[in-house]
Amino acid sequence: MHIIRSFFIAIANYSAIPVPNFEWREEDMRYTLCFFPVVGLVIGVLEWLWFRLCMAEDIGAVARTLIGVALPVLITGGFHIDGYMDTMDALSSHQSPERKRQILKDSHIGAFSVIRVIFYFLLYAAAFSEIRTGRQMMVICIGFILTRTLSGLAAMHFPLANGKGTMAGMADASAKKISTIILFAEMAVCILAMVIIDPLPGAVAAVSAEAMLIYYYRMSRKEFGGVSGDLAGYFVTAAELAVAMAVAVVRIAFRL
């Protein structure tokens, strides 16, 4: 029963997908992070179906690109984009880590976050428009799962910016040993699948996601004193872009 509740809590926490309503108890949240990648699976499946529909019905590149870019936001309700924008505001302030953490909590958005998120979607759309084959698209679809496995591992093992908030609660409540094993297994399966499906784009995309994780670790410690819920949203968003850009660049460079 606790496993089932953890599944629904993960879906409710990290997406806009409707789930049964019930009281959340601490013991129900032990394995929540293990099910975080399920949201990526839903996004990946929908992206794949949309891509296949576009290919089958000869839907134009503009519609294919814009709706493809919009699907993750639709499924998550903009949850991660919100964290990305808050992080951009904080980083652009060039203030102390304590002040940056305060900016993360501010519900208002600044000009820098708007500029950065527009730039983000332009890059994402550019990368998405360069996808030509089903194998390349499949790599990106699996990337939605991979980025969430990495985020789950970071939530449990990276230093926290403070001991308060949702991120701290998830990290403390999770059965870390079992969750870590499960998330590592999910990560390994994702990377293996990406490389098998399309070796060069898959390998570069996987390395790009891992490189983003390393950057996330260093940046969060230096700029904020550790990770938080908003920074986790930033990482997922940035890592998804890194995967898409990697596939697009490899396709162009090697004329795949």
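The two residues Val139 and Pro201 make their nearest non-hydrogen contact at CG1-O, 4.3 Å. Of all non-hydrogen atoms in Thr180 and His157, the two that sit nearest each other are OG1-NE2, 2.7 Å.
Phe254 forms part of a hydrophobic cluster together with Leu200, Val204, Val250, Leu256, judged by ILVMFWY side-chain heavy-atom separations under 4.5 Å. Think of Val62 as one node in a network of Ile, Leu, Val, Met, Phe, Trp and Tyr side chains linked at under 4.5 Å; its network also takes in Leu66.
The aromatic ring centroids of Phe35 and Tyr31 lie 6.0 Å or more from each other.
Aromatic ring orientation, Phe51 versus Trp48: parallel (interplanar angle below 30°, classes split at 30° and 60°).
Summarising the geometry, atom CE belonging to Met137 is positioned 11.5 Å from atom CH2 belonging to Trp50; distances are rounded to the nearest 0.5 Å. A distance of 6.5 Å separates OG1 of Thr237 from NE2 of His80, quoted to the nearest 0.5 Å.
Residues that satisfy the side-chain hydrogen bond (donor to acceptor under 3.5 Å, both in side chains) test with Ser208, not counting sequence neighbours, are absent from this structure. With sequence neighbours excluded, the residues satisfying salt bridge (Lys or Arg N to Asp or Glu O under 4.0 Å) with Arg132 are Glu130.
Sorted by first and then second residue, the side-chain hydrogen bond (donor to acceptor under 3.5 Å, both in side chains) pairs involving residues 56-77 (not counting sequence neighbours) form an empty list.
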List, one per line, each side-chain donor-acceptor pair under 3.5 Å for residues 218-225, sequence neighbours excluded.
unit_1, atom_1, unit_2, atom_2, d
Ser220, OG, Tyr216, O, 2.8
Ser220, OG, Tyr217, O, 3.0
Arg221, NH1, Tyr217, OH, 2.8
Glu223, OE1, Lys100, NZ, 2.1

